[in-house]
Every structure is written in C-alpha cells, then in structure tokens.
Amino acid sequence: MVQQPLKKCFSSSKTTPVLNQKSIQKMDYIYKDDKNKWIVVIDPQGQISFNQSVYQNPRLKDKNLIVILTENISSQYLETLKSLNISYLFTGKDEIDLRLVLEKLYDLFSIKKLLLQGGGITNTYFIKEDLIDEFSLVVSPVVSGEEKQPNIFEDCHEYIGQTFDLKQSDLLMKSGLYLKYVRK
C-alpha cells in the first residue's frame with residue numbers, strides 16, 4: 001500500500017469538477033436541531049459519498065454530522081450535504097487549517113473537547129499543529145497476522161521525542177488494557 005504524502009491528504013491540490021452549473025456561495029452551512037452531539041468528518045476534497053443511508057448508521061442515532069471542507073468543492077457536493085441536513089465548514093482555500101477548524105467548532109457549535117479518531121496521517125496533522133493534549137490507547141491481545149500495522153503517527157520524525165505522561169491505566173475485560181496519556 002502506498003501512503004499519500006501528508007499534504008495531499010488535507011489539501012485539494014486538484015480541482016473537483018463542477019458537475020452542476022448552479023453555484024452555491026462558499027459559506028458555512030449550519031444545520032441545528034435538538035441533538036447536542038456531533039461527528040466531525042474531515043473531507044477536504046469532497047470525496048466521501050453521503051446519501052440517505054448515512055442516517056441508518058447506529059453511531060449517528062443521536063448525533064449530527066459536520067463535514068470539514070476546503071473551498072475547492074463542487075456545488076453539487078454542497079447541495080447534497082445541505083439536502084441531507086449535514087453541516088459543513090470551510091476551513092481553508094486549498095488546505096485544511098486545523099486551528100480554524102477548532103475555532104469554528106467552538107464558536108458555532110460550542111464544542112470544547114474533541115475525541116480524535118483518526119489514523120496515523122490525521123493524528124500527525126494534529127500533533128504537528130500542537131493540538132493533541134492527551135491520547136488514549138487500547139491494547140488488545142489479538143493476533144492479526146498482518147505484516148504492516150498502522151502507526152499512531154505517520155511521517156512526523158521532527159516531532160519524535162514529544163513526551164506524554166501516563167495518567168490512567170485500566171484492565172479491560174481481563175485481557176485488554178486502556179492507557180491514557182497527557183502531554184508533559
């Protein structure tokens with residue numbers, strides 16, 4: 001498997017084709033209802049296919065979706081999100097500005113704390129911006145047989161040495177281990 005360079009994952013270097021000539025102004029769209037929980041999805045290039053079945057996912061039962069975008073998104077994609085009552089935020093012209101993401105989530109949705117459930121690439125973007133103040137690991141004794149395992153952080157050699165202190169450890173169901181670390 002070939003890893004995409006980090007910059008390509010959070011940027012929209014190629015223009016997303018405009019499939020509909022009707023243009024939607026590139027302004028944030030906020031859908032509000034009585035739900036006070038959110039799932040935030042980073043999709044700078046508008047590549048995630050959303051449709052009505054997204055709401056059949058049990059994880060969304062009591063949550064709203066917020067999609068983080070660059071301005072390089074087709075009008076059709078924005079129309080689809082809006083028609084599904086999915087909020088979207090523009091957080092950069094060609095690249096996602098994570099600090100702006102956090103500011104908008106706080107200002108527009110009063111979100112003060114995030115659970116980042118990213119892979120190594122997403123986690124690396126947050127660590128490079130010094131936006132991770134704690135992280136948790138779950139260690140499970142499962143044999144997967146896979147040769148290459150994902151890293152918690154990818155391609156962040158200049159950040160090696162950042163240290164975190166163990167704050168909490170719990171045994172999970174007599175075999176797994178939950179570890180919580182905080183930044184020193």
Side-chain angles (χ1 to χ4, degrees), residues 3-136 138 150 152-154 180:
Q3 284 281 354
Q4 287 186 336
L6 289 176
K7 188 166 181 111
K8 285 194 173 193
C9 293
F10 273 24
S11 67
S12 57
S13 56
K14 67 176 191 173
T15 303
T16 306
V18 177
L19 302 174
N20 183 345
Q21 296 297 11
K22 180 182 170 189
S23 179
I24 291 182
Q25 191 175 10
K26 302 294 169 76
M27 293 179 51
D28 297 338
Y29 170 72
I30 311 302
Y31 173 75
K32 294 200 178 196
D33 61 11
D34 60 347
K35 299 174 189 168
N36 291 321
K37 295 181 183 177
W38 300 268
I39 291 181
V40 180
V41 178
I42 298 174
D43 187 19
Q45 300 165 348
Q47 294 179 332
I48 298 174
S49 220
F50 290 102
N51 57 40
Q52 228 17 69
S53 68
V54 73
Y55 293 108
Q56 294 171 1
N57 183 326
R59 291 182 67 201
L60 286 175
K61 182 180 179 184
D62 60 344
K63 299 172 188 78
N64 283 312
L65 271 172
I66 304 170
V67 179
I68 305 301
L69 305 167
T70 62
E71 293 177 18
N72 205 4
I73 300 296
S74 74
S75 296
Q76 183 177 1
Y77 188 74
L78 299 177
E79 288 174 4
T80 298
L81 295 178
K82 206 174 216 181
S83 73
L84 294 169
N85 296 327
I86 296 174
S87 297
Y88 54 81
L89 304 175
F90 292 101
T91 58
K93 182 171 174 59
D94 296 311
E95 293 181 26
I96 299 289
D97 177 340
L98 291 175
R99 291 190 182 279
L100 181 57
V101 169
L102 298 180
E103 286 174 22
K104 285 188 172 193
L105 291 175
Y106 179 81
D107 292 343
L108 299 170
F109 298 93
S110 300
I111 297 174
K112 298 174 184 165
K113 188 173 185 175
L114 289 177
L115 170 62
L116 176 62
Q117 293 181 305
I121 292 172
T122 300
N123 294 346
T124 296
Y125 269 98
F126 277 83
I127 198 83
K128 282 184 173 184
E129 293 294 322
D130 197 27
L131 296 173
I132 295 179
D133 56 358
E134 67 179 52
F135 70 91
S136 300
V138 175
I152 297 170
F153 301 102
E154 299 280 342
K180 182 176 185 177

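Computed over heavy atoms, backbone and side chain alike; hydrogens, waters and symmetry mates excluded.
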Check your understanding: Do the charged groups of K35 and D62 touch, with an N to O distance under 4.0 Å?
Key -> no
Can you measure from [atom1] ([X]) to [atom2] ([Y]) and round to the nearest 0.5 angstrom?
X	Y	atom1	atom2	result
D97	T70	CG	OG1	12.0 Å
L69	K26	CG	NZ	9.0 Å
I39	L60	CD1	CG	4.5 Å
T91	I96	OG1	CD1	3.5 Å
L78	I73	CG	CD1	7.0 Å
I42	I66	CD1	CD1	11.5 Å

Quick check against the 3.5 Å criterion: does [X] have a side-chain atom that pairs as donor or acceptor with the backbone of [Y]?
X	Y	result
S136	K180	no
D43	V67	no
K61	N57	no

Should [X] and [Y] count as side-chain neighbours, where that means a heavy-atom distance under 4.5 Å?
X	Y	value
I86	Y31	no
R99	D130	yes
L102	Y106	no
N64	W38	yes
L89	L105	yes
L100	K104	yes
I30	F109	yes

Check your understanding: In chain order, what residues pass the ring pair (Phe, Tyr, Trp, His ring centres under 6.0 Å) check against F50, with sequence neighbours excluded?
Key -> none
**Study point:** All pairs passing ring-ring contact (aromatic ring centres under 6.0 Å, His included) where residues 58-86 contributes a residue, at least two apart
**Key:** none
Review point. Does Y88 have its ring centroid less than 6.0 Å away from the ring centroid of F90?
Key: yes
**Study point:** Where T80 and S83 come nearest, the two heavy atoms and their spacing
**Key:** O-OG, 2.8 Å
Point to revise | Where V41 and L65 come nearest, the two heavy atoms and their spacing | key: CG2-CD2, 3.8 Å
Review point. Between L81 and Y29, is a side-chain contact (heavy atoms from CB on, under 4.5 Å) present by the stated rule, with each step listed?
Key: CA-CA 9 Å; L81 295 178; Y29 170 72; over 6 Å; no
